[in-house]
Enquirer: 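This structure is in structure tokens; I'll ask about it shortly.
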Amino acid sequence: MISASRSDMLGGVLYLVGYRTQTHDYEEGAAPCLLCRKMIINAGIDKVYVRINKNEYRMFLVCDWIKEDELLNGQLEY
């Protein structure tokens with residue numbers, strides 16, 4: 001994602017897996033951190049799927065992150 005061109009990423013889907021090598025378990029409740037969210041937004045990706053367990057995924061709509069971002073919607077409180 002860092003070295004890909006934005007035009008190739010627009011409308012894309014990103015799949016993430018949080019996996020603990022010590023226990024061989026998926027990281028339940030995993031989600032991209034704030035910095036990763038910003039990079040995903042800037043890349044133009046539309047959806048992010050995070051694997052919850054062997055058969056389930058959680059979907060995040062990137063447009064929701066943009067709507068909720070206080071820096072992007074001008075609703076900062078001082």
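What you are looking at is a predicted structure, and each value in this text was computed from that prediction instead of being measured. By convention here, the first residue in the shown sequence is residue 1.
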Enquirer: Test of understanding: clusters of I, L, V, M, F, W, Y form through side-chain heavy atoms closer than 4.5 Å, transitively. Do Ile66 and Met39 belong to the same one?
Expert: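 As far as the 4.5 Å side-chain criterion goes, Met39 and Ile66 are connected within one cluster.
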Enquirer: Write down the atom of Arg6, the atom of Ala43, and the distance for their closest heavy-atom approach.
Expert: NH1-C, 3.4 Å
Enquirer: Going through the checks in order, is the side chain to side chain contact (heavy atoms under 4.5 Å, CB included) test met by Ile52 and Tyr26?
Expert: CA-CA 6 Å; Ile52 297 170; Tyr26 293 101; over 6 Å; no
Enquirer: Kindly give the heavy-atom pair with the smallest separation between Leu61 and Met59, and that separation in Å.
Expert: CD2-CE, 3.9 Å
Enquirer: Between Ile45 and Tyr15, is there shared hydrophobic-cluster membership here, with clusters defined by ILVMFWY side-chain heavy atoms closer than 4.5 Å?
Expert: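 No, Ile45 and Tyr15 fall in different hydrophobic clusters.
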Enquirer: At their closest point, which heavy atom of Lys47 faces which heavy atom of Val62, and how far apart are they?
Expert: N-CG2, 4.0 Å
Enquirer: Do the rings of Trp65 and Phe60 sit parallel, tilted or perpendicular, given the 30° and 60° boundaries?
Expert: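 Plane angle between 30° and 60°, so tilted.
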Enquirer: Looking at Glu56 and Arg51, is any side-chain nitrogen of the basic one under 4.0 Å from a carboxylate oxygen of the acidic one?
Expert: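 Salt bridge between Arg51 and Glu56, a charged N being under 4.0 Å from a carboxylate O: no.
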Enquirer: Please report the interatomic distance CG(Asp64) to CZ(Arg37), rounded to the nearest 0.5 Å.
Expert: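 CZ of Arg37 is found 10.0 Å from CG of Asp64.
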Enquirer: Same cluster or not: Val48 versus Leu34, using hydrophobic residues (I, L, V, M, F, W, Y) connected whenever any side-chain heavy atoms lie under 4.5 Å apart?
Expert: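 No, Val48 and Leu34 fall in different hydrophobic clusters.
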Enquirer: State the CG-CZ distance between Asp25 and Arg20, to the nearest 0.5 angstrom.
Expert: 9.0 Å
Enquirer: Check Leu14 against Ile40 and note the closest heavy-atom contact, atom names and distance.
Expert: CD2-CD1, 3.7 Å
Enquirer: Return the minimal non-hydrogen interatomic distance between Pro32 and Val50, and the atom names on each side.
Expert: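 Taking every non-hydrogen atom into account, CD-CG2, 4.3 Å.
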Enquirer: Flag yes if Val13 and Leu10 sit in one hydrophobic cluster, no otherwise; membership is Ile, Leu, Val, Met, Phe, Trp, Tyr, and two members link when side-chain heavy atoms are under 4.5 Å apart.
Expert: no
